[in-house]
Amino acid sequence: MPSRILIITEKPSSARKIAYALDDSGSPRNAKYGKVSFYVADRGDDELVVVSAVGHLYSIEQEGGGWTYPVFGIKWTPTYTQSKRASYTKQYLDAITGLAQNMDGYVSACDYDQEGSLIAYNIIKHGIGDKALVKSRRMLYSTLTTKELVSAWGSMSSSLDFPVIAAGKARHEADWLFGINLSRALTISARSFIDYKKVLSIGRVQGPALKFVYDLEQSVQSFIPIPYWKVSAETVIDGITYSLEYEKPRLEREVHAKDVADACRGKTGKAVEIKTEESRTPPPPPFNLGDLQREAYRHFKMNPSATLEAAEKLYLGAYISYPRTESNKIPPSIDVKDILENLSKNPVYMVEVKELISQKRFRSRPGKGDDPAHPAIHPTGQKPRRLKPEEQRIYDLIVRRFLASLGKPLVQLKTDVTVDVNGHLFFMRGVLTQRQGWAQVYAPYYMSKDQHIPEIKKGQDIPVTKLSTRRQYTKPSPRYNASSLVRKMEQEKIGTKATRSNIVDTLYYRGYIKGQSIFVSELGEKIVETLERYCPEIIQVKLTRDLEEELEYIAAGNKDAETVFSDVVAELKPILTKFKENEIQIGRSMSNTIQNKPAEENIACCKICGHERVDTSVFCHRHHVAYANIEAGYQQWRYALGYQWLEYLEKLVKVSGSGNYAKEIITDILG
DNA sequence: GCAAGGTC
Ligand SMILES: [Zn+2]
């Protein structure tokens with residue numbers, strides 16, 4: 001019996017590829033439902049209709065009205081009914097539900113992940129109907145190649161993956177409950193005291209991301225610079241100056257620096273060891289989204305979300321593969337040779353590409369990242385037309401990185417000469433590139449400089465022609481920028497490749513963080529401190545880890561989504577009650593009007609800033625930490641320079657790098 | 001008007 005089967009994909013590009021892969025003659029018919037493209041493929045006696053969603057077509061909405069909290073009643077409704085920005089999704093939902101009539105079966109062919117499973121499920125359940133649900137199967141593939149798609153079609157499961165769907169549902173619902181309720185609690189509290197027009201927000205990912213910035217700010221403001229000494233020296237051989245690198249990059253005492261200077265300045269040493277080694281640097285792996293965003297920030301100072309936007313355009317133009325991937329691997333099923341042959345038609349890359357083809361280098365060096373649904377970012381080979389400057393930069397970066405990942409190692413000859421001057425060791429280093437390898441094609445983005453070194457024989461005299469010692473100070477950890485904050489989120493495993501950079505944008509938009517070199521605003525500080533008191537969970541990474549654990553139980557079939565929902569409600573109830581009871585006080589502490597004034601009469605106050613004291617201290621938490629750092633720093637300064645307490649404090653206020661909290665205390669002590 | 005997650 002011939003059947004008619006509807007295949008639902010997550011995005012238009014996969015619908016097209018699936019149709020071409022499954023059609024017996026490789027030429028499916030392309031038609032339109034309204035403005036939406038779909039495909040009809042013949043496979044045996046069956047007729048396959050392939051149509052796509054555009055991500056989630058259903059989302060969570062509040063049951064009933066009212067901008068209040070707590071709110072625990074939710075429903076799943078079409079996304080296009082919820083926001084104007086999503087109105088374009090209506091035509092896709094209409095197309096799917098329209099084409100779904102008179103089908104014998106349904107296939108969920110969305111991306112191979114939890115969200116993909118949920119996307120198709122919601123469409124089938126809410127858009128087509130429960131009857132369709134039992135006639136649905138799940139198709140799983142990691143790469144959109146004909147071979148893999150045909151095999152995925154053949155090994156389809158006989159039903160949908162309901163436990164995974166339940167996990168996705170639970171994730172959405174938990175995030176909605178936490179996010180909406182706490183955002184409203186913050187906003188309404190702030191407005192109970194001042195006329196605050198903007199809206200405040202917080203969530204499972206925003207919370208810890210803001211806390212990362214806040215914590216770094218605290219450590220910068222309490223930082224005490226510690227002095228150290230650096231020795232720089234030079235020698236002249238055959239009229240050319242070379243630098244001599246002292247064996248210890250840092251000296252901890254001024255007297256040590258003086259000892260080195262006395263022993264070595266103007267003296268002549270001997271080359272005691274000469275080591276020459278061949279060093280091979282393997283090619284870098286192809287990009288995942290995070291790597292691409294970091295490299296684009298490094299070279300073009302492009303914001304991570306701007307990079308994603310440019311990559312998105314390149315993908316929609318079919319110039320690069322899907323960019324929202326965590327993978328650093330190009331699987332063998334991808335026809336690298338074919339991509340190279342197409343790329344070789346582009347004069348910009350022709351020379352390097354032809355060399356790779358002639359050397360049969362078709363295996364890309366794999367990196368660490370994995371992604372169940374997409375390979376690493378790579379060019380398709382199609383020559384781009386009319387790119388904007390930013391898109392052109394991103395395209396070039398992606399192509400060169402992909403070509404580099406196919407290349408031979410960079411081979412360099414590294415020479416280290418050890419020079420003994422009165423028992424002190426110095427090094428002379430030389431680097432000579434023997435083969436560029438991958439670094440040739442990646443040259444615009446990889447600085448590998450050769451360092452000339454003369455021929456030196458063991459035992460040869462090496463005069464120290466110049467030697468100086470300089471006092472320097474340790475510096476606080478550098479503040480985050482958008483790129484390094486996204487990386488921190490990656491390292492802490494919060495957010496996803498597609499959302500991290502947007503969530504950083506949200507923190508800016510709310511006014512919680514400011515500057516290219518990111519600092520936390522007063523508002524951001526108040527948000528963190530309020531939540532530390534009323535809902536510390538939401539600013540901790542642990543909430544994500546705990547949720548993930550619950551989701552794993554659900555996906556394994558050992559728990560249901562409803563239990564997680566009621567657990568979250570039970571967790572939120574007392575938190576939101578406390579918020580309600582203290583709205584005015586929270587609002588007051590969030591407003592700026594009481595800045596630097598004692599909080600309440602009967603509470604002991606920090607002698608510097610008037611905030612509440614910590615037990616056993618005359619300071620608030622911040623100034624308490626800063627004072628402890630000042631005391632610890634004194635020990636190191638006394639060792640380094642022999643300074644006395646007052647001398648130390650007077651110097652500290654003048655040194656750049658001393659944190660403001662520390663300076664405030666010192667100013668108070670010095671009067 | 002609030003989240004985080006898809007994708008245009
Ligand atoms: Zn204080």
Side-chain angles (χ1 to χ4, degrees), chain A residues 9-15 35-37 52-62 65-71 74 76 79-80 82-93 110-123 167-191 196-210 308-309 311-317 322-325 373-374 489 494-507 509-510 527 538 543-544 547-548 551 568 572 576:
Chain A
T9 70
E10 185 160 326
K11 43 186 174 280
S13 64
S14 26
K35 285 180 182 169
V36 174
S37 240
S52 101
V54 272
H56 280 290
L57 299 185
Y58 285 83
S59 359
I60 298 174
E61 198 180 6
Q62 177 177 345
W67 216 85
T68 57
Y69 73 96
V71 45
I74 62 161
W76 286 84
T79 308
Y80 74 79
Q82 296 183 23
S83 88
K84 254 202 160 149
R85 265 192 50 227
S87 59
Y88 77 95
T89 63
K90 182 176 191 302
Q91 52 191 334
Y92 287 87
L93 186 56
C110 292
D111 289 357
Y112 189 175
D113 51 34
Q114 185 177 285
E115 296 297 326
S117 293
L118 182 62
I119 288 169
Y121 166 85
N122 278 333
I123 294 166
K169 203 165 158 271
R171 205 279 305 150
H172 277 260
E173 294 172 353
D175 278 338
W176 192 93
L177 290 170
F178 270 107
I180 300 297
N181 279 292
L182 290 169
S183 297
R184 288 182 184 180
L186 286 173
T187 309
I188 291 168
S189 298
R191 288 177 189 175
Y196 191 75
K197 293 279 188 296
K198 283 171 74 176
V199 68
L200 300 173
S201 72
I202 202 69
R204 177 177 54 82
V205 183
Q206 284 183 37
L210 176 59
L308 173 55
E309 204 177 305
E312 176 88 43
K313 290 271 159 54
L314 294 168
Y315 156 72
L316 291 173
Y322 187 70
R324 286 182 280 252
T325 174
H374 304 284
M489 293 166 76
I494 56 167
T496 71
K497 64 248 172 186
T499 59
R500 289 180 195 117
S501 57
N502 292 331
I503 287 171
V504 171
D505 286 357
T506 300
L507 296 179
Y509 183 69
R510 299 268 176 259
I527 297 286
I538 202 68
L543 182 62
T544 296
L547 180 61
E548 284 166 349
L551 299 185
V568 172
L572 277 170
L576 297 170

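Every value quoted in this text rests on a predicted model; they were computed, and no experiment measured them. Here is the naming used below: chain letters follow the sequence lines, and residue numbers restart at 1 for every chain.
Phosphate contact (OP1/OP2 of dT7(B), side-chain N/O of Arg324(A), threshold under 4.0 Å): present. At the phosphate of dA3(B), OP1 or OP2 sits under 4.0 Å from a side-chain N or O atom of Arg510(A). Checking the phosphate oxygens (OP1, OP2) of dC2(B), no side-chain nitrogen or oxygen of Thr187(A) falls inside 4.0 Å. For dT7(B), one of the phosphate oxygens OP1 or OP2 lies less than 4.0 angstrom from a side-chain nitrogen or oxygen of Tyr322(A). For the pair Thr496(A) and dG6(B), the criterion of a side-chain N or O lying under 4.0 Å from OP1 or OP2 is met.
Nearest approach of Pro323(A) to Ala311(A), heavy atoms of both residues: CB-CB, 3.8 Å.
Atom CD1 of Ile503(A) is separated from atom C1' of dA3(B) by 8 Å (rounded to the nearest Å). For Leu543(A) and dA4(B), the CG to P distance is 11 Å, given to the nearest whole Å. The interatomic distance linking Ile202(A) (CD1) with dA4(B) (C1') rounds to 13 Å, in whole Å. Going from atom CD of Gln206(A) over to atom C1' of dA4(B) covers 9 Å, rounded to whole Å. Atom CG in Leu507(A) sits about 12 Å away from atom C1' in dA3(B), given to the nearest Å. Atom CD in Glu115(A) sits about 16 Å away from atom P in dA3(B), given to the nearest Å. The separation between Leu308(A) atom CG and dG5(B) atom P is 14 Å, rounded to whole Å. One atom, NE2 of His172(A), and another, C1' of dC2(B), lie 16 Å apart when rounded to the nearest Å.
Picking from dT7(B), dA3(B), dG5(B) the nucleotide with the shortest atom distance to the side chain of Thr499(A) gives dG5(B). When distances run from any side-chain atom of Glu312(A) to the nucleotides dG5(B), dC2(B), dT7(B), the shortest one goes to dT7(B). The side chain of Ser183(A) approaches dA3(B) more closely than any other nucleotide in the set dA4(B), dG6(B), dA3(B). In this structure, of dT7(B), dA3(B), dG6(B), it is dT7(B) that holds the atom nearest to the side chain of Pro12(A). Closest contact between the side chain of Arg204(A) and the listed nucleotides dG6(B), dT7(B), dA4(B) involves dA4(B).
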Please step through side-chain contact (heavy atoms from CB on, under 4.5 Å) for the pair Met489(A) and Val504(A), ending with a clear verdict. CA-CA 10 Å; Met489(A) 293 166 76; Val504(A) 171; 3.8 Å; yes
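Judged by closest nucleotide on DNA chain B, Ile180(A) is the one of His56(A) and Ile180(A) placed further toward the 5' end. Nearest-nucleotide positions on DNA chain B place Glu61(A) closer to the 5' end than the other of Ser13(A) and Glu61(A).
Asn181(A) comes within contact range of no nucleotide atom at all, as no heavy-atom separation falls under 4.0 Å. Val54(A) comes within contact range of at least one nucleobase, with a heavy-atom separation under 4.0 Å. Using a 4.0 Å heavy-atom cutoff across all strands shown, Gly495(A) reaches sugar-phosphate atoms only and no base atom. Ile60(A) comes within 4.0 angstrom of a base, heavy atoms only. Contacts of Tyr315(A) with the nucleic acid, taken as non-hydrogen atoms under 4.0 Å apart, involve only primed sugar atoms and P, OP1 or OP2.
In this structure, Thr506(A) contributes its side chain and Asn502(A) its backbone to a donor-acceptor pair below 3.5 Å. In terms of modelled atom types and a separation under 3.5 Å, the side chain of Glu10(A) and the main chain of Ser14(A) share no donor-acceptor contact.
Figure legend: cation-pi geometry between Lys169(A) and Tyr121(A) absent, as NZ or CZ is not positioned both under 6.0 Å from the six-membered ring centre and within 45° of its axis.
For CD of Glu309(A), the number of neighbouring non-hydrogen atoms (other residues, nucleotides, ligands) closer than 6.0 Å is 12 at most.
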